[in-house]
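Positions are given from 1 along the sequence. Scope of the values below: all heavy atoms of this structure, side chains included, with no hydrogens, waters or symmetry mates.
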Amino acid sequence: DARDGIVRVEFQPAIYGGLTKQISVRAILPDGDALYLLDGNSGAVVRAELTSRGYQVDASFRCGPTPRVGKLVDVVLLPMGNSLNAVLLGVDTDGNLLYCRVGESALEAVLPSPNGNWGGPQALDFYAGNLYLLDPHPRANAVWVYPGQDASFRGLPVFFFDNEIPVLETAVDMARTPDDLFLLHADGHLTRCTVGRGEAETRCADPAPLRDDRPEGAAEPAFAGAHFAAIQYVSPPDPALYLLDDARQAVYLFSLQLRFLRQYRSLYPLEGSAPTAFAVDNLSRRLFLALGNEVYYTVLP
């Protein structure tokens with residue numbers, strides 16, 4: 001473990017009473033004492049709240065397909081105190097938005113399409129008040145940036161790239177950092193696009209090498225035996241990138257320069273399918289890991 005940079009952590013079940021077998025968690029969003037889980041099967045979001053017995057499902061929370069909004073493919077947390085009183089925002093494959101609220105009905109909206117139609121939105125990210133949308137379909141091959149105003153995105157978006165436009169057909173997830181946009185592909189490799197400043201253009205490296213300083217390590221597009229399936233940027237005071245390895249029930253920690261720091265693995269084998277989602281809450285130092293309908297958490301050392 002020491003040679004491979006493995007830190008063993010003890011996970012425990014997160015959801016008191018568990019989730020139904022029909023659920024397969026696709027995304028996890030920790031928000032203080034609340035936990036939001038996107039079900040990849042129904043396209044709806046489950047809310048759970050921390051109690052003395054663990055996280056308990058909030059049966060009154062409604063955030064999912066409506067007559068106008070289809071299955072949600074991704075969700076992002078919104079800043080507290082926004083005028084819509086929404087805790088999170090979801091999008092379907094047609095660019096329809098759903099603002100989900102605690103104790104109130106969800107609000108529907110339509111995201112302005114940059115070219116009249118969508119290829120197929122795949123992932124969202126929210127950074128510095130702006131909404132980033134990944135549309136990897138070949139007819140779009142785009143990341144669109146919607147300037148935000150109090151969690152509303154009514155104007156036309158800006159195309160993220162300049163002259164260097166990577167092929168996004170296999171992109172499945174993304175993470176915006178202060179200097180870069182990282183795009184994760186289905187085969188587990190990363191594209192790194194460094195944001196241009198002033199007169200400089202945004203430049204992309206595909207694949208982006210991952211630096212491995214372990215014995216016999218090297219800068220490679222992907223780690224041997226690992227398959228990265230999701231990515232998350234964690235903001236200061238300890239800015240970093242986390243990547244989910246769904247081949248090994250592991251979560252890897254990298255610096256923003258893509259240098260491997262360590263990986264977290266369970267002390268004991270976890271029950272459930274292959275990992276389907278993860279999240280790191282930097283404030284509470286909690287790491288969440290979902291394996292289908294089984295959700296676990298631990299406190300990082």
Side-chain angles (χ1 to χ4, degrees), residues 6-64 72 74-80 85-90 98 100-104 106 229-235 238 240 242-246 248-253 262-301:
I6 298 173
V7 177
R8 301 283 175 177
V9 292
E10 190 167 359
F11 283 97
Q12 57 182 311
I15 308 300
Y16 179 75
L19 299 172
T20 63
K21 293 183 178 180
Q22 290 75 26
I23 289 177
S24 179
V25 177
R26 173 192 168 99
I28 304 174
L29 297 175
D31 185 23
D33 287 340
L35 195 63
Y36 297 94
L37 310 169
L38 174 61
D39 175 19
N41 291 330
S42 68
V45 176
V46 176
R47 181 179 186 269
E49 196 163 6
L50 186 61
T51 70
S52 59
R53 295 185 291 185
Y55 288 88
Q56 288 194 287
V57 173
D58 178 1
S60 67
F61 186 70
R62 294 288 181 269
C63 176
L72 302 180
D74 203 8
V75 289
V76 291
L77 289 173
L78 293 175
M80 293 179 59
N85 200 30
V87 292
L88 58 85
L89 173 67
L98 194 64
C100 300
R101 308 188 292 179
V102 177
E104 300 179 77
I231 185 171
Q232 181 187 346
Y233 164 64
V234 172
S235 58
D238 298 309
Y242 288 86
L243 287 157
L244 172 64
D245 176 9
D246 64 358
R248 295 177 173 172
Q249 293 188 358
V251 174
Y252 283 62
L253 173 62
R262 68 188 68 94
Q263 57 173 300
Y264 297 102
R265 296 196 197 181
S266 177
L267 190 61
Y268 309 105
L270 299 176
E271 295 183 3
S273 61
T276 54
F278 86 109
V280 175
D281 184 344
N282 213 23
L283 293 178
S284 67
R285 298 293 297 164
R286 290 192 182 103
L287 167 63
F288 297 88
L289 187 64
L291 290 78
N293 71 320
E294 301 289 344
V295 182
Y296 301 90
Y297 80 102
T298 188
V299 177
L300 294 177

Test ring-ring contact (aromatic ring centres under 6.0 Å, His included) applied to Tyr36 - qualifying residues, sequence neighbours left out: Phe61
Test item: Thr298 side-chain N/O and Leu287 main-chain N/O as donor-acceptor pair under 3.5 Å: no
Polar side-chain atom of Asp246 near backbone of Ala274 as donor-acceptor pair, under 3.5 Å: no
Partners passing ring-ring contact (aromatic ring centres under 6.0 Å, His included) against Phe11 (at least two apart in sequence or in another chain): none
For Arg101, salt bridge (Lys or Arg N to Asp or Glu O under 4.0 Å) partners two or more places apart: Glu104
Nearest-0.5 Å distance that lies between atom CG in Leu270 and atom CD in Gln12: 11.5 Å
Side chain proximity check, Pro30 to Leu283, heavy atoms < 4.5 angstrom: no
Spacing of CD1 belonging to Ile6 relative to CZ belonging to Arg248, to within rounding of 0.5 Å: 7.5 Å
Nearest non-hydrogen partners of Ile15 and Ala48, listed with the distance: CD1-CB, 4.0 Å
Whether Tyr297 and Tyr55 hold their rings parallel, tilted or perpendicular, with breakpoints at 30° and 60°: perpendicular
Atom CD of Glu271 with >12 non-hydrogen neighbours under 6.0 angstrom: no
Rounded distance (nearest 0.5 Å) linking atom OG of Ser284 with atom CG of Leu50: 9.0 Å
Residues that Arg8 engages under salt bridge (Lys or Arg N to Asp or Glu O under 4.0 Å), provided they are two or more places apart: Asp1
Salt bridge (Lys or Arg N to Asp or Glu O under 4.0 Å) against Asp33, all qualifying residues, sequence neighbours excluded: none
Derivation and outcome, side chain to side chain contact (heavy atoms under 4.5 Å, CB included), residues Asp39 and Leu19: CA-CA 10 Å; Asp39 175 19; Leu19 299 172; over 6 Å; no
Of all pairs that satisfy salt bridge (Lys or Arg N to Asp or Glu O under 4.0 Å), the ones with a partner from residues 42-54, not counting sequence neighbours: Arg47-Glu49, Arg47-Asp58
Within-4.5 Å side-chain heavy-atom neighbours: Val251 and Leu244: yes
4.5 Å side-chain heavy-atom contact, Pro275 and Leu289: yes
Shortest non-hydrogen contact from Ala27 toward Asp74: CB-OD1, 4.3 Å
Euclidean distance, Leu29 CG relative to Gln232 CD, rounded to 0.5 Å: 8.5 Å
Under 3.5 Å donor-acceptor, Asn293 side chain and Ser24 backbone: no
Phe278 side chain near Gln249 side chain, heavy-atom distance below 4.5 Å: no
Pro301 versus Val7, closest heavy-atom pair with distance: CG-CG1, 3.9 Å
Smallest separation among heavy atoms of Cys100 and Ala106, with atom names: CA-CB, 4.3 Å
Smallest separation among heavy atoms of Asp281 and Gly32, with atom names: OD2-O, 4.4 Å
Worked verdict on Tyr16 versus Thr51 for side chain to side chain contact (heavy atoms under 4.5 Å, CB included): CA-CA 9 Å; Tyr16 179 75; Thr51 70; 5.7 Å; no
Student check: side-chain heavy atoms of Val280 and Leu300 closer than 4.5 Å: yes
